[in-house]
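A quick write-up on the structure given underneath.
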Amino acid sequence: MPDSHTHIQEILTSGREGATYSIRGWIYRTRSSGSIVFSVIRDQTGIIQCTIKKSDVPAEEFSGAQKALIESSVECTGELKRDERAPGGFELRVLNYRVVSFADPFPITANQSEPFLLDNRHLWIRSREQTAVMKIKESVLQGAREWFRANAFFEVTPPILTTNACEGGTTLFSLKYFGQEAYLSQSAQMYLEAMTVSLEKVFALTPSFRAEKSRTPRHLTEYWHMEAEEAWVDNAGNMKIQEELVSAIASAVASRRKQELEILGRSAGELKAIEPPFERITYTRAVEILNGKGKELEWGDDLGTEEERLLTEEFEKPLFVTSYPKQLKAFYMKDNEEDTRTYKCADMLAPEGFGEIIGGSERETDYDKLVQRMNEQNISMEPYRWYLDLRKYGSVTHSGFGMGIERVVRWLCRLEHIRDATPFPRTPSRIYP
Ligand code: NSS
């Protein structure tokens, strides 16, 4: 069935004065004065003022327009007229105005508390800012997928229910799987490693779960994780892939979401400038830089939010920190022959203190080394038999990484808190709505 309705943005850009259009959407603002109602309608593309004169429409339609509160859904038909005072420079002179559903008084008004807004998240996501973020997130995902496809990666579907603790036992959500202990996945990495042996280059977008009690502006308990794994690629090659991917994502957002970026106070030009190469420094150098800035770090200390902010404050592009001490990272990473205290790994830190957006490494291919580390760290071998098997049957150099989609969205949209990078955030204190 052909759609007889036109999206608002299309009407505004057509600028065809005198043309008749039908639109449908929700009342964004409304005011009435006697014989005239100004009803600003929004759809997913934008807003337009609809002017309803008592003399132009059937009587019951006029009284419907007068009664309808914001967020009522409407269909209306009207003639396009230039009006400099209206948003977008045009208005619709309404000929027909049908209220599809009269809304109750909308609970969300100006200056409401954060907890109230979060309790009403199902309604809050209609706001212009939230809508802009959701559209930008879509472009992040789309831009990433396009880059992977252009670079011969296969999209694959690893499981979410697992018995593996890829990123250590402390942040696992556990569940009973028909009487057996199982977990929600923290990372698809190990399954992706297995799939590289068939497909060589793979990526997956999955929800990942972290039972992190830390209430920070960059932690969710459920987030979308885009992970890639590449056979025949070392840590240096892995970093090249990451910087190209992130640049392609920024460029996709810059070219497709100019308007949404503006709503969030961000310019497309800033994102266009995020091009390879990104700077690379070792963890050891990072500690020196930080101590030069007045910190008192010991080699081996973890880099927290404040440290990441200090490291990236002068940068406009992300920064790689490489070769972390072994005690800070997971057991599956490859030994670094250049500094045996460290692994061949890298975290990508977003500029302006937005912090880590990617964690990646070359993977250990030596069966004995993996077993030794697992023994040292008291990791039970049983759930990992299949993972260790991969080292017995044609193991090759391989690397991979995981990118937190909401971390990337938070940075690109310059959001104060990661919860605004996802429509229904999950944090230690929130699982409703
Ligand atoms: O723990 S990571 O640093 N690394 C991994 O999970 C690897 N197994 C990935 C891989 O090599 N395939 O997490 C990767 C990224 C990290 O850089 C963040 O961007 C994001 O996942 N991440 C999170 N985002 C939001 N909330 C939380 N809690 C979170 N934890 C990690």
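In each ligand, atom 1 is the first atom listed, and ligand 1 is the first ligand listed. We count residues from 1, following the sequence as given.
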Worksheet entry | Among T162, N164, T171, the one residue meeting side-chain hydrogen bond (donor to acceptor under 3.5 Å, both in side chains) with Q186 | T171
Worksheet item: Charged N to carboxylate O under 4.0 angstrom, D368 versus R391?
Response: no
Discussion item. For a quick test of reading the model, state the closest non-hydrogen atom pair linking N235 to S399 and the distance between them.
Written reply: N-OG, 3.7 Å
Discussion item. Within the 4.5 Å heavy-atom criterion, are P423 and K137 side-chain neighbours or not?
Written reply: yes
Item to complete: Establish, yes or no, whether the cationic atom of K329 lies under 6.0 Å from the six-membered ring centre of Y343 and within 45° of the ring axis.
Response: no
Item to complete: In plain terms, say whether E364 and K326 are close enough for a salt bridge, that is, a side-chain N and a carboxylate O under 4.0 Å apart.
Response: no
Response to the item:
Under 4.0 Å from ligand 1, residues with heavy atoms, in chain and number order, are C166, E167, S187, Q189, R210, E212, R218, H219, L220, Y223, H225, E227, Y332, E356, I357, I358, G359, R363, G400, F401, G402, G404, R407, I418
